[in-house]
2 protein chains.
Amino acid sequence: MDNVQARLAYAERIAVFYEKAGGIPRMAGRIMGWLLVCDPPQQNATELGQVLSASKGSISTMTRWLLHIGLINKTTIPGERRDYFEIREGTWADLLAQQFQAVGAFRELANQGLALLNDPEGHEGARLREMHDLYAFFERELPLLIEKWRNERKE
Amino acid sequence: MDNVQARLAYAERIAVFYEKAGGIPRMAGRIMGWLLVCDPPQQNATELGQVLSASKGSISTMTRWLLHIGLINKTTIPGERRDYFEIREGTWADLLAQQFQAVGAFRELANQGLALLNDPEGHEGARLREMHDLYAFFERELPLLIEKWRNERKE
DNA sequence: CAGTAAGTTCAGTCTTGACTGAACTTACTG
DNA sequence: CAGTAAGTTCAGTCAAGACTGAACTTACTG
């Protein structure tokens with residue numbers, strides 16, 4: 001691996017982006033970014049700590065969290081005691097699907113709001129009806145899109 | 001407005017949700033939540049401050065921010081000096097459209113990552129190619145979905 | 001059964017950013 | 001032109017949470 005510095009800078013960029021977009025901890029983003037461009041694609045905790053200048057504790061906590069939400073895999077090599085981490089295949093579709101869950105929650109919140117109004121059908125409820133209809137629409141359509149992509153992918 | 005307490009609790013729930021989902025400041029979320037269920041739908045800064053137990057400064061900063069990102073409108077009543085705020089019509093579609101912008105940025109990041117690899121076409125690049133293809137797919141499809149909804153809405 | 005390497009846990013530090021309160025600006029009103 | 005109400009700005013406070021470093025657990029190895 002020649003351009004380690006460039007790849008590190010890339011990991012950092014990914015981290016900043018994820019932090020802003022989804023509230024993902026900076027260090028978790030760095031790990032994700034590095035695992036996207038490192039060679040080989042599997043890295044152990046010590047390697048991650050060294051290249052990212054992070055403490056063992058931080059790596060441990062963040063890898064566990066990334067495992068928990070399903071973004072990475074933990075694998076072991078026969079005869080070795082160390083754990084190796086890698087980007088999980090299918091991560092991105094799952095991640096999007098998970099983010100799309102929020103849409104359903106917002107549709108439900110709109111419902112709860114309408115229940116508070118004296119006249120949900122009237123002009124007073126227009127705000128929440130618009131919110132409800134939009135989110136209901138996407139709650140219906142987004143899973144179909146993901147499905148469509150998974151089918152296209154298989155071919 | 002009889003059930004003020006229930007509506008306040010609702011505003012709080014909206015605030016917590018938006019905070020987690022999009023990193024929106026708690027107080028901005030409270031304002032949005034309250035503007036969704038208040039009666040009348042227009043409220044001035046003093047009213048907002050009182051009902052939400054917030055300082056003038058906080059209301060001022062947050063309403064300006066909400067105006068800036070286009071979630072609310074500022075209107076005035078002839079003969080009154082105060083500004084009134086209300087949920088902007090079409091807010092939700094715009095908000096989603098804005099959040100979908102991130103998809104394009106991620107597709108671009110995947111490209112930048114591939115450029116760092118020695119063999120982007122090979123096994124080494126599989127991680128980033130998957131990421132790229134997925135985000136490219138959604139970058140294409142999501143605007144179409146929003147368009148579709150806007151058309152359905154018009155009828 | 002010491003010695004060591006891998007990994008976890010947790011108390012403490014540090015940074016970030018939301019929020020308050022007070023000083024300030026602006027503009028209407030008697 | 002004083003008086004007042006509306007709104008802005010900003011320095012300071014406070015809380016949340018990311019990260020470190022050290023103590024601890026676990027399990028392999030000579």
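A, B, ... follow the sequence lines: proteins, then strands. Residue 1 opens every chain.
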ask   = Whole-Å distance between D:dA18 P and A:L52 CG?
value =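 Rounded to the whole Å, the gap is 17 Å.
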task = Calculate the interatomic distance between A:E19 atom CD and D:dA16 atom C1'; express it in whole Å.
result =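 Between C1' of D:dA16 and CD of A:E19: 14 Å.
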ask   = Could A:D94 and A:R150 be called an ion pair, given the rule that one side-chain N must be under 4.0 Å from one carboxylate O?
value =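 Counted as a salt bridge, because a side-chain N and a carboxylate O are separated by less than 4.0 Å.
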query = Nucleotide range of DNA chain C contacted by chain A, 5' to 3', under 4.0 Å to a heavy atom?
reply =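 Range of nucleotides within reach of chain A: C:dA5 to C:dT9.
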Would you mind pulling out the nucleotide paired to [N], Watson-Crick or G-U wobble, both distances under 3.5 Å?
{"N": "D:dT9", "result": "C:dA22"}
{"N": "D:dG30", "result": "C:dC1"}
{"N": "D:dA15", "result": "C:dT16"}

Base, sugar-phosphate, or nothing: which does [X] touch, judged by heavy atoms less than 4.0 Å apart?
{"X": "A:R81", "value": "base"}
{"X": "B:T76", "value": "nothing"}
{"X": "A:N44", "value": "nothing"}

query = For A:A28 and B:K74, take the nucleotide of DNA chain D holding the closest heavy atom to each; which residue's nucleotide lies nearer the 5' end?
reply =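 Per heavy-atom nearest nucleotide, the more 5' residue is B:K74.
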key: Check: B:R127 and A:E86 side chains under 4.5 Å, non-hydrogen atoms   =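 A:E86 does not reach B:R127 side chain to side chain.
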key: Side-chain (B:D39) to main-chain (A:E124) donor-acceptor, under 3.5 angstrom   =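 No, because the side chain of B:D39 does not come within donor-acceptor range (under 3.5 Å) of the backbone of A:E124.
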key: Under 3.5 Å donor-acceptor, A:T91 side chain and A:L71 backbone   =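 The answer is yes, because a donor-acceptor pair under 3.5 Å joins these two groups.
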request  = Compute whether any side-chain donor of one residue and acceptor of the other, for B:Q43 and B:W34, lie under 3.5 angstrom apart.
outcome  =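 Distance-only check passes for B:Q43 and B:W34.
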inquiry  = For the CD atom on B:E108, are there more than 12 heavy atoms of other groups (residues, nucleotides or ligands in this structure) within a distance under 6.0 Å?
reply    =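 More than 12 heavy atoms, drawn from other residues, nucleotides or ligands, come within 6.0 Å of this atom.
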